[in-house]
Amino acid sequence: MDPLLLARAQFAANISFHILFPTISIGLGWLLLFFRSRWLRTRDPGWLIAYRFWTKVFALTFALGVVSGITMSLQFGTNWPGFMQRAGNVAGPLLAYEVLTAFFLEAGFLGIMLFGHGRVSERIHLMATFFVAFGTTLSAFWILALNSWMQTPAGHEVVNGEFNVLSWLDVIFNPSFPYRLTHMLLASALTVAFLLAGISAWQVLRSAGNAATGKVLRVGLTLAALLI
């Protein structure tokens with residue numbers, strides 16, 4: 001078989017699996033922050049139950065996203081070495097920014113978010129939840145900047161077949177970046193809205209609900225209606 005076709009098929013299979021998990025974690029991080037803040041304001045145990053349950057879902061999607069993302073990053077070099085040889089001066093730093101800012105921010109505060117409740121103050125725990133949510137969005141920012149640049153390249157010059165950066169602002173905020181980032185964030189929030197509504201509805205149908213079920217179902221349906 002054609003090696004180009006095989007490279008495309010392998011990369012497509014990897015990225016199709018990978019994108020499911022960041023799509024959930026980006027939107028879910030902010031909803032966890034909402035659940036956490038509602039618990040602090042109302043002291044209604046339903047919000048705390050919702051927070052703890054969906055934190056487990058977030059942790060699972062985060063872990064699967066990291067594992068599949070590492071494989072995908074490796075495939076930039078194994079499947080598309082010619083591309084990285086020519087565009088590495090642009091793609092390499094953007095991928096590095098994503099790791100050094102967004103991923104480290106998420107990973108650092110995720111431990112506090114998962115295991116710190118009751119061990120740190122409520123304010124610190126809420127702050128950790130915020131930074132995890134912010135980190136997921138920042139990760140989307142960098143990845144979408146690179147993806148958009150690949151579609152509408154700007155801020156560069158080509159010297160001896162290699163792309164060299166003239167302006168990082170033009171590279172990052174290239175023509176298609178604003179609507180691509182907006183599309184990704186809306187898609188993530190919609191996906192999570194229907195995920196919350198679907199699982200909550202399933203719990204109601206199976207009579208497996210708890211104090212959080214009705215609240216989460218209402219949040220999911222409201223969010224979906226607003227975003228649509």
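Note that the structure is predicted; figures quoted are calculated from it, not measured. In what follows, residues are counted from 1 in the order of the sequence shown.
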Q: With hydrophobic residues grouped by side-chain heavy-atom distances under 4.5 Å, do Phe194 and Leu31 end up in a single group?
A: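 Yes, one cluster joins them.
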Q: Where does the angle between the aromatic ring planes of Phe177 and Phe173 fall among parallel (under 30°), tilted (30 to 60°) and perpendicular (over 60°)?
A: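 Judged by the thresholds at 30° and 60°, the geometry between Phe177 and Phe173 is perpendicular.
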Q: Mind checking the CH2-OH spacing from Trp168 to Tyr97? Nearest 0.5 Å is all I need.
A: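 Between atom CH2 of Trp168 and atom OH of Tyr97 there are 5.0 Å.
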Q: Heavy-atom distance under 4.5 Å between the side chains of Met72 and Phe17, does that happen here?
A: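 A side-chain contact under 4.5 Å is absent here.
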Q: Taking the side chain as C-beta and beyond, is there a heavy-atom pair between Leu28 and Leu196 under 4.5 Å?
A: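 Yes. Closest side-chain heavy atoms under 4.5 Å.
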Q: For the hydrophobic clusters of this structure (ILVMFWY residues joined by side-chain heavy atoms under 4.5 Å, transitively), does one cluster hold both Leu227 and Leu217?
A: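 No, because Leu227 and Leu217 fall into different hydrophobic clusters, even though each may have its own neighbours under 4.5 Å.
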Q: Please work out which of the three classes, parallel, tilted or perpendicular, describes the rings of Tyr51 and His125, given edges at 30° and 60°.
A: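 Judged by the thresholds at 30° and 60°, the geometry between His125 and Tyr51 is perpendicular.
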Q: If you measure from OG1 on Thr78 to CD on Gln75, what distance do you get to the nearest 0.5 Å?
A: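 Going from OG1 on Thr78 over to CD on Gln75, the span is 5.0 Å.
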Q: What is the minimum heavy-atom distance between Ala102 and Leu138, and which atoms define it?
A: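 Of all heavy-atom pairs spanning Ala102 and Leu138, the closest is CB-C, 3.7 Å.
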Q: Which heavy-atom pair separates Ala197 from Leu221 by the least distance, and what is that distance?
A: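 In this case the closest contact between Ala197 and Leu221 is CB-CD2, 4.0 Å.
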Q: When the ring planes of Phe130 and Trp30 are compared, do they come out parallel, tilted or perpendicular, using 30° and 60° as the limits?
A: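 Ring orientation of Phe130 relative to Trp30: perpendicular.
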Q: May I ask you to check whether Ser176 and Gln151 show a side-chain donor-acceptor distance below 3.5 Å?
A: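 On atom types as modelled, these side chains do not qualify, holding no pair under 3.5 Å.
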Q: So, the side chain of Thr213 versus the backbone of Asn210: is there a donor-acceptor pair under 3.5 Å, distance only?
A: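 Confirmed, Thr213 side chain pairs with Asn210 backbone.
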Q: Check the pair Met113 / Phe109 against side-chain contact (heavy atoms from CB on, under 4.5 Å), numbers first and verdict last.
A: CA-CA 6 Å; Met113 192 180 89; Phe109 284 97; over 6 Å; no
Q: Phe115 and Val120: same hydrophobic cluster, using ILVMFWY side-chain contacts below 4.5 Å?
A: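 Yes, because Phe115 and Val120 connect within a single hydrophobic cluster, where side-chain heavy atoms sit under 4.5 Å apart.
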Q: Is the count of non-hydrogen atoms from other residues, nucleotides or ligands lying under 6.0 Å from Arg86 atom CZ greater than 12?
A: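 Count not over threshold, so no.
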Q: Has the side chain of Ser16 got a donor or acceptor atom that lies under 3.5 Å from a matching backbone atom of Ala13?
A: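 Absent.
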Q: Quick one: pull up CG in Leu144 and OG1 in Thr137 and give me the separation to the nearest 0.5 Å.
A: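 Rounded to the nearest 0.5 Å, the CG-OG1 separation comes to 11.0 Å.
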Q: Please round to the nearest 0.5 Å and tell me the distance separating atom CZ of Phe21 and atom CG of Leu60.
A: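 Taking CZ in Phe21 and CG in Leu60, the distance rounds to 7.5 Å.
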Q: Would Trp47 and Val219 count as a side-chain contact (heavy atoms from CB on, under 4.5 Å) if you check the C-alpha gap in whole Å, the side-chain angles of each, and the deciding distance to 0.1 Å?
A: CA-CA 11 Å; Trp47 293 114; Val219 169; 4.0 Å; yes
Q: Quick one: do Val90 and Leu100 end up in the same hydrophobic cluster if we chain Ile, Leu, Val, Met, Phe, Trp and Tyr together by side-chain heavy atoms under 4.5 Å apart?
A: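 Yes, because Val90 and Leu100 connect within a single hydrophobic cluster, where side-chain heavy atoms sit under 4.5 Å apart.
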Q: Within the side chain of Ser139, is there an N or O that forms a donor-acceptor pair under 3.5 Å with the backbone of Gly135?
A: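 Not confirmed, Ser139 side chain does not pair with Gly135 backbone.
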Q: Does some side-chain heavy atom of Thr222 sit less than 4.5 Å from a side-chain heavy atom of Arg218?
A: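 A side-chain contact under 4.5 Å exists here.
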Q: Does Arg52 make a cation-pi contact with Trp54 (under 6.0 Å, within 45 degrees of the axis)?
A: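 Output no; distance or angle outside limits.
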Q: Where the side chain of Ser25 meets the backbone of Pro22, is there a donor-acceptor pair that is under 3.5 Å apart?
A: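 Judged by distance alone, yes, a pair lies under 3.5 Å.
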Q: So do Leu74 and Asn79 actually touch side chain to side chain, heavy atoms under 4.5 Å?
A: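 The answer is no, as the side chains (C-beta and beyond) never meet within the 4.5 Å cut-off.
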Q: In the structure I gave you, are the side-chain heavy atoms of Leu33 and Met127 within less than 4.5 Å of one another anywhere?
A: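 No. Closest side-chain heavy atoms not under 4.5 Å.
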Q: Within a 6.0 Å radius of atom CZ on Arg43, are there more than 12 heavy atoms belonging to other residues, nucleotides or ligands?
A: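 Correct, the count exceeds 12.
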Q: Hey, does Leu95 have a side-chain heavy atom less than 4.5 Å from the side chain of Ile143?
A: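 The answer is yes, as the side chains (C-beta and beyond) meet within the 4.5 Å cut-off.
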Q: Could you report the tightest heavy-atom contact between Lys215 and Ala211, atom names first, then the distance?
A: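 So the two residues come closest at CE-O, 3.8 Å.
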Q: Would you check if Glu122 and Arg36 make a side-chain contact, meaning some heavy-atom pair closer than 4.5 Å?
A: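 They are in side-chain contact.
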Q: Give me the atom names and distance for the closest heavy-atom approach of Pro93 to Gly88.
A: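 It is CD-O, 3.4 Å.
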Q: Are Leu110 and Phe34 linked, directly or through other ILVMFWY residues, by side chains that come within less than 4.5 angstrom of each other?
A: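 Same cluster: Leu110 reaches Phe34 through Ile, Leu, Val, Met, Phe, Trp or Tyr contacts under 4.5 Å.
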Q: Any donor and acceptor pair, going by atom type alone, linking the side chain of Ser148 with main-chain N or O of Ala145 inside 3.5 Å?
A: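 Side chain of Ser148 to backbone of Ala145, a donor-acceptor pair under 3.5 Å: no, none is there.
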Q: Do you know which two heavy atoms are closest between Leu114 and Ala59, and how far apart they sit?
A: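 Smallest heavy-atom distance, with atoms named: CD2-CB, 3.9 Å.
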Q: For the residue pair His117 and Leu48, what are the closest heavy atoms and their distance?
A: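 In this case the closest contact between His117 and Leu48 is CE1-CD1, 3.5 Å.
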Q: Take a 6.0 Å sphere around CZ of Phe141 and say whether it holds more than 12 heavy atoms from other residues, nucleotides or ligands.
A: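 Yes, the 6.0 Å shell around CZ holds more than 12 heavy atoms from other groups.
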Q: If you round to the nearest 0.5 Å, how far is CG of Leu185 from CG of Leu181?
A: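 Taking CG in Leu181 and CG in Leu185, the distance rounds to 4.5 Å.
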Q: What I'd like to find out is whether the side chain of Ile112 reaches to under 4.5 Å of the side chain of Phe131, using heavy atoms alone.
A: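 Contact flag for Ile112/Phe131 side chains = no.
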Q: Tell me if a side-chain donor or acceptor on His18 pairs with a main-chain N or O of Gly69 at a distance below 3.5 Å.
A: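 Yes, because the side chain of His18 sits within donor-acceptor range (under 3.5 Å) of the backbone of Gly69.
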Q: Under 3.5 Å, side chain of Asn89 to main-chain N/O of Asn164, donor-acceptor pair present?
A: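 A pair under 3.5 Å: no.
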Q: Carefully, step by step, assess Trp149 and Ile172 under the rule side-chain contact (heavy atoms from CB on, under 4.5 Å).
A: CA-CA 7 Å; Trp149 181 85; Ile172 295 170; over 6 Å; no
Q: Are Phe35 and Val216 close enough, and set up right, to give a side-chain contact (heavy atoms from CB on, under 4.5 Å), and what steps lead you there?
A: CA-CA 9 Å; Phe35 293 158; Val216 174; 4.2 Å; yes
Q: Give, for atom CG of Leu32 and atom CZ of Phe53, the distance between the pair rounded to the nearest 0.5 Å.
A: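 The CZ atom of Phe53 is 11.5 Å from CG of Leu32, to the nearest 0.5 Å.
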Q: Taking atom types as modelled, is there a side-chain donor on Asn174 or Thr152 under 3.5 Å from an acceptor on the other?
A: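 Side chains of Asn174 and Thr152: pair found under 3.5 Å.
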Q: Is it the case that the side chain of Ser188 and the backbone of Gly27 share a donor-acceptor pair, with hydrogens and angles ignored and the cut-off at 3.5 Å?
A: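 Side chain of Ser188 to backbone of Gly27, a donor-acceptor pair under 3.5 Å: yes, one is there.
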